Amino acid sequence: MSVLERVKDAAETLTPAEQLLIKQVIASPRDIALGTASGLARRIGVHEATASRLAKKLGYPNYAGFRAAIQEEFIVRTDPATRVRNTLQQTSEAGLITDLVSREIEALAGLQRYVDDAKLLAAAQALLKARRIYVFARGNAEALAVLIDRRLRRMGRDTIMLAGEGRDLAERVLAMNGDDAIIAFAFRRQPSHYAALLNRARAMSATSVVISGSVGPSLVPAGDHLLFAPRTGSQDAFQTLTVPMAICNALVLAMAKEDPKASLHYLEILGQLIDAFD
């Protein structure tokens, strides 16, 4: 079981001090992986024994075992060029296309272990109730944000893309309220401004849906609905967006299935409008 899965399973039993430790691990995994239990405890102002208790609560024999797991799972040891180089080196004689398709099929086949119809339906129903849907992403995930934003608009949903830096984001979520929802994406690590946006949504009683890779269970704060699954490839190699794109498509289809009359109505109107504009 991965560190992320252990954190998710133990989330409700973590003390405030242990939650602080987890936040620090997510924020600075390299520093934590190379440091000591006393160093971690000192960094956030808790007793050294807290770090050891956390390690055992997560199922590790001691802090050293916990630290080793962090090194393996959380640290992105390589830059983008090296990740692509690692992937190319792992390519078999069958060729790039064959290897890539094989990895994608394997990752997609495992998707149902993490995201089932019940989770999709719950997230879809929450989004259907929303007056407005905010969409947030950083880095490569922005491609998926554009995709889901476009598909939601085609279904007649009122969407707001959250772009820009802190001041821009603050202005965009100023009018957020309990009738709204936010879809946030997170992959290799928790993106900047994620916490502030999710905290704003929580403070205003707006629903949050998080689409993520393996880092999902360790995101702080957690979303109301978490749809996560490991992406194709390892952390130190090239990773694709195939799995999270499948989650996005499944979510949109779940919304359409839950409210087919409204969805088809707007799509029909859209077709008429496209003819008129063309």
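All figures in this text were calculated on a predicted structure; none of them were measured in a lab. The figures that follow rest on heavy atoms only: side chains count, while hydrogens, waters and symmetry mates do not.
Glu18 contributes a side-chain N or O that, together with a main-chain N or O of Thr15, makes up a donor-acceptor pair within less than 3.5 Å. A donor-acceptor pair under 3.5 Å is formed between the side chain of Asp168 and the backbone N or O of Glu165. With hydrogens and angles ignored, the 3.5 Å screen pairs no side-chain donor or acceptor of Lys129 with any backbone N or O of Ala181. For the pair Arg131 (side chain) and Asp179 (backbone), a donor-acceptor distance under 3.5 Å is absent. Distance alone, capped at 3.5 Å, places no donor-acceptor pair between the Arg138 side chain and the Phe185 backbone. No donor-acceptor distance shorter than 3.5 angstrom exists from the side chain of Lys257 to the backbone of Leu121, with no hydrogens or angles considered. Without hydrogens or angle criteria, Arg157 side chain to Leu128 main chain gives a donor-acceptor distance under 3.5 Å. Side-chain N or O atoms of Asp180 include one that pairs as donor or acceptor with a backbone N or O of Asn177 at under 3.5 Å.
Clustering ILVMFWY residues whenever any of their side-chain heavy atoms sit less than 4.5 angstrom apart, transitively, puts Met161 in the very cluster that holds Leu152. The hydrophobic clustering, which links ILVMFWY residues whose side-chain heavy atoms are closer than 4.5 Å, places Phe228 and Leu108 together. Under the 4.5 Å side-chain heavy-atom criterion for grouping Ile, Leu, Val, Met, Phe, Trp and Tyr, Leu270 is not connected to Val146 through any hydrophobic cluster. Residues Val243 and Leu253 are members of separate hydrophobic clusters, defined by side-chain heavy-atom contacts under 4.5 angstrom among Ile, Leu, Val, Met, Phe, Trp and Tyr. No single ILVMFWY cluster, assembled from side-chain heavy atoms under 4.5 Å apart, contains both Tyr266 and Leu264.
Considering every non-hydrogen atom in both Phe136 and Pro191, the closest pair reads CE2-CG, 4.0 Å. Ala141 and Phe187 get closest at one heavy-atom pair: CB-CE1, 3.4 Å. Pairing each heavy atom of Gln19 with each of Leu14, the nearest pair is NE2-O, 3.5 Å. The shortest non-hydrogen separation linking Ala256 to Ser263 is CA-OG, 3.5 Å. When every heavy atom of Arg231 is checked against every heavy atom of Leu241, the shortest pair comes out as NH1-CD2, 3.7 Å. In plain terms, the two heavy atoms of Met176 and Ala201 that are nearest each other are SD-CA, 3.6 Å.
In the hydrophobic clustering, where aliphatic and aromatic side chains (Ile, Leu, Val, Met, Phe, Trp, Tyr) are joined below 4.5 Å either directly or transitively, Ile269 groups with Leu273, Phe277.
Under 3.5 Å, the side chains of Thr159 and Asp149 contain a donor-acceptor pair of N or O atoms. In this model, a donor atom of one side chain and an acceptor atom of the other lie less than 3.5 Å apart for Glu104 and Thr242. Side chains of Asn140 and Arg188: a donor-acceptor N/O pair is absent below 3.5 angstrom, by distance only.
Residues Pro217 and Val7 are not in side-chain contact: their nearest non-hydrogen atoms beyond the backbone lie 4.5 Å or more apart. By the 4.5 Å heavy-atom criterion applied to side chains, Leu162 and Ile182 are counted as neighbours. Inter-residue side-chain proximity for Ile148 and Val252 is flagged as met; some heavy-atom pair is nearer than 4.5 Å. Between Asp9 and Leu58 the shortest side-chain heavy-atom distance does not fall below 4.5 Å. Between Arg202 and Pro221 there is a side-chain heavy-atom pair separated by less than 4.5 Å. Using a 4.5 Å heavy-atom cutoff, the side chains of Asp158 and Arg153 are not in contact. No side-chain heavy atom of Val135 sits under 4.5 Å from any side-chain heavy atom of Ile160.
When each of Asn199, Leu219, Val220 is checked for a side-chain contact (heavy atoms from CB on, under 4.5 Å) with Tyr194, only Leu219 meets the rule.
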Original post:
Between Leu144 and Ile211, does a side-chain contact (heavy atoms from CB on, under 4.5 Å) hold up when you go through it step by step?
Top reply: CA-CA 10 Å; Leu144 296 180; Ile211 299 175; 5.7 Å; no

Between Leu227 and Val210, does a side-chain contact (heavy atoms from CB on, under 4.5 Å) hold up when you go through it step by step?
CA-CA 6 Å; Leu227 305 176; Val210 177; over 6 Å; no

Original post:
Between Leu40 and Tyr63, does a side-chain contact (heavy atoms from CB on, under 4.5 Å) hold up when you go through it step by step?
Top reply: CA-CA 11 Å; Leu40 172 58; Tyr63 184 79; 3.4 Å; yes

message: Go through it in stages, so that I can follow the logic: the residues are Asp224 and Thr207, the test is side-chain hydrogen bond (donor to acceptor under 3.5 Å, both in side chains), and I'd like the CA-CA distance, side-chain angles, deciding distance and then a yes or no.
response: CA-CA 6 Å; Asp224 297 317; Thr207 299; 4.7 Å; no

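The aromatic rings of Tyr60 and Phe66 sit tilted, their planes meeting at an angle between 30° and 60°.
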